[in-house]
Amino acid sequence: MAIPTRSALPGNYFVTSAIYNRHRLFQVAANARLFVETLQHYRKLGHYKLFGFVVMPDHIHLIVTPQQCTLERTMQLVKGGFSHRVGSKIPVWQRGFTDHRIRDRADFDTRLGYLHDNPVRARLVERPEDYEFSSAFQRNGLTSGAEAP
C-alpha cells in the first residue's frame, strides 16, 4: 500500500523552516515583526488555522492546520509572502521545510511546549511569554488549543 503524501493528510502539523545558510535574519526586530504580520495576514484570509508559532533568529516553528490548501501551499504562502514583503534579491529561506503530523492531544501539547520554550533554551529570554515573536507572547488571533486534537 502506498503511503499518502502529506498533502493528502488533513490535520495539524508542526513545521520548521530555516533561513538560508542559517543567517540570523530575524535577529533584526523589524524582520521578525514583518514575518509575524505575514503569518497573520494569510491566517486572516483563511488559508490555515494557526495554533502556535515562534520566530527564532535563524528559523521558525509553526503549528498549523491547512484549510483552503495543502501544507506545501501553506508554506509557500508564508515563506514566499515574507520573501516578497522583505524585498530581498538573495535567497531568504533554505529549500523545503520539515513537518511532523500531530497525532493526538499529548503530541500537540508537547510540540507547543517545545515551540514556546525555544527562546528560553536559546537564552533569549527567561520566560516564554517574554519573547515578543512567539505565540506565547502574542495570543491574539490564534486558534484556541481547544480545537486541537
Side-chain angles (χ1 to χ4, degrees), residues 3-103 107-143 145 148:
I3 297 173
T5 65
R6 62 181 171 219
S7 302
L9 297 174
N12 302 313
Y13 291 88
F14 176 80
V15 181
T16 302
S17 191
I19 297 298
Y20 186 72
N21 286 339
R22 286 290 191 162
H23 289 291
R24 298 175 66 83
L25 179 68
F26 295 131
Q27 192 165 346
V28 176
N31 291 338
R33 282 188 198 98
L34 184 61
F35 179 79
V36 172
E37 288 172 14
T38 303
L39 191 61
Q40 295 291 12
H41 169 76
Y42 289 108
R43 180 198 58 79
K44 289 175 186 173
L45 290 177
H47 291 287
Y48 49 81
K49 290 182 181 179
L50 181 62
F51 291 95
F53 69 90
V54 66
V55 182
M56 298 298 289
D58 64 352
H59 68 282
I60 60 161
H61 296 293
L62 311 173
I63 297 179
V64 297
T65 302
Q67 295 296 294
Q68 301 176 355
C69 54
T70 65
L71 180 59
E72 288 83 356
R73 177 68 177 142
T74 295
M75 292 309 294
Q76 183 182 33
L77 290 169
V78 170
K79 291 169 59 173
F82 172 75
S83 297
H84 178 74
R85 287 179 178 203
V86 79
S88 178
K89 301 292 184 204
I90 60 172
V92 173
W93 300 96
Q94 286 187 359
R95 290 186 57 158
F97 58 91
T98 59
D99 65 275
H100 167 82
R101 187 169 186 272
I102 297 175
R103 297 178 303 275
D107 192 17
F108 176 87
D109 291 341
T110 298
R111 302 290 169 166
L112 188 62
Y114 174 85
L115 179 153
H116 285 158
D117 286 340
N118 213 287
V120 176
R121 284 190 309 277
R123 295 188 173 103
L124 299 175
V125 293
E126 290 186 21
R127 301 176 314 147
E129 57 270 17
D130 294 337
Y131 190 65
E132 180 181 357
F133 310 113
S134 166
S135 54
F137 181 85
Q138 302 181 16
R139 291 300 304 168
N140 294 340
L142 295 183
T143 305

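Starting from 1, each residue takes its place in the sequence as its number.
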Look at the side chain of R121 and the backbone N and O of Y114, then say whether any donor-acceptor pair between them is shorter than 3.5 Å. yes
Could you tell me whether the side chain of S135 and the main chain of F53 form a donor-acceptor pair under 3.5 Å? yes
Working for side-chain hydrogen bond (donor to acceptor under 3.5 Å, both in side chains), residues H59 and T16: CA-CA 7 Å; H59 68 282; T16 302; over 6 Å; no
Is there a donor-acceptor contact under 3.5 Å from the side chain of K79 to the main chain of G96? yes
Could you tell me whether the side chain of D130 and the main chain of E126 form a donor-acceptor pair under 3.5 Å? no
With the side chain counted from C-beta on, respond yes when R101 and D107 share a heavy-atom pair under 4.5 Å apart, and no when they do not. no
Any donor and acceptor pair, going by atom type alone, linking the side chain of W93 with main-chain N or O of Y20 inside 3.5 Å? no
Could you grab the distance from atom NZ of K44 to atom CG of L50, nearest 0.5 Å is fine? 11.5 Å
Stepwise ring-ring contact (aromatic ring centres under 6.0 Å, His included) test for H116 and Y131: CA-CA 9 Å; H116 285 158; Y131 190 65; over 10 Å; no
Using modelled atom types only, decide if a donor and an acceptor are shared between the side chain of N31 and the backbone of L25 within a distance under 3.5 Å. yes
Non-hydrogen side-chain atoms of S17 and T98 separated by less than 4.5 Å: no
In short, P57 meets L124 closest at the heavy-atom pair CD-CD1, 3.9 Å
Do Q94 and R22 come close enough that some side-chain heavy atom pair is under 4.5 Å? yes
Decide yes or no for H61 and N118: does some side-chain heavy atom of the first lie under 4.5 Å from some side-chain heavy atom of the second? yes
Minimum heavy-atom distance P119-L115, with the two atoms named: CD-O, 3.8 Å
Evaluate the side-chain proximity of Q67 to H47: yes if any heavy-atom separation is below 4.5 Å, no if none is. no
I60 CD1 to F133 CZ distance, which is reported to the nearest 0.5 Å: 14.0 Å
Interatomic distance, CD@Q68 vs OG1@T74, rounded to 0.5 Å, equals 9.5 Å
Kindly give the heavy-atom pair with the smallest separation between L62 and M75, and that separation in Å. CD1-SD, 4.0 Å
Report yes if the distance between the aromatic ring centroids of F51 and F108 is under 6.0 Å, otherwise no. yes
So R85 and H41, do their side chains get closer than 4.5 Å, heavy atoms only? yes
Would you mind telling me which of V64, I63, V78 makes a side chain to side chain contact (heavy atoms under 4.5 Å, CB included) with V15? V64
Before we go on, tell me: are the rings of H100 and Y13 under 6.0 Å apart, centre to centre? no
Assert yes or no for the condition that the ring centre distance of F82 to F26 is strictly below 6.0 Å. yes
Working to the nearest 0.5 angstrom, can you tell me the gap between D99 CG and N12 CG? 12.5 Å
R127 to F137, cation-pi by 6.0 Å centre distance and 45° axis angle: no
How close do V55 and A32 get, heavy atom to heavy atom, and via which atoms? CG1-CB, 4.1 Å
dist E72:CD -> L77:CG (nearest 0.5 Å) comes out at 12.0 Å
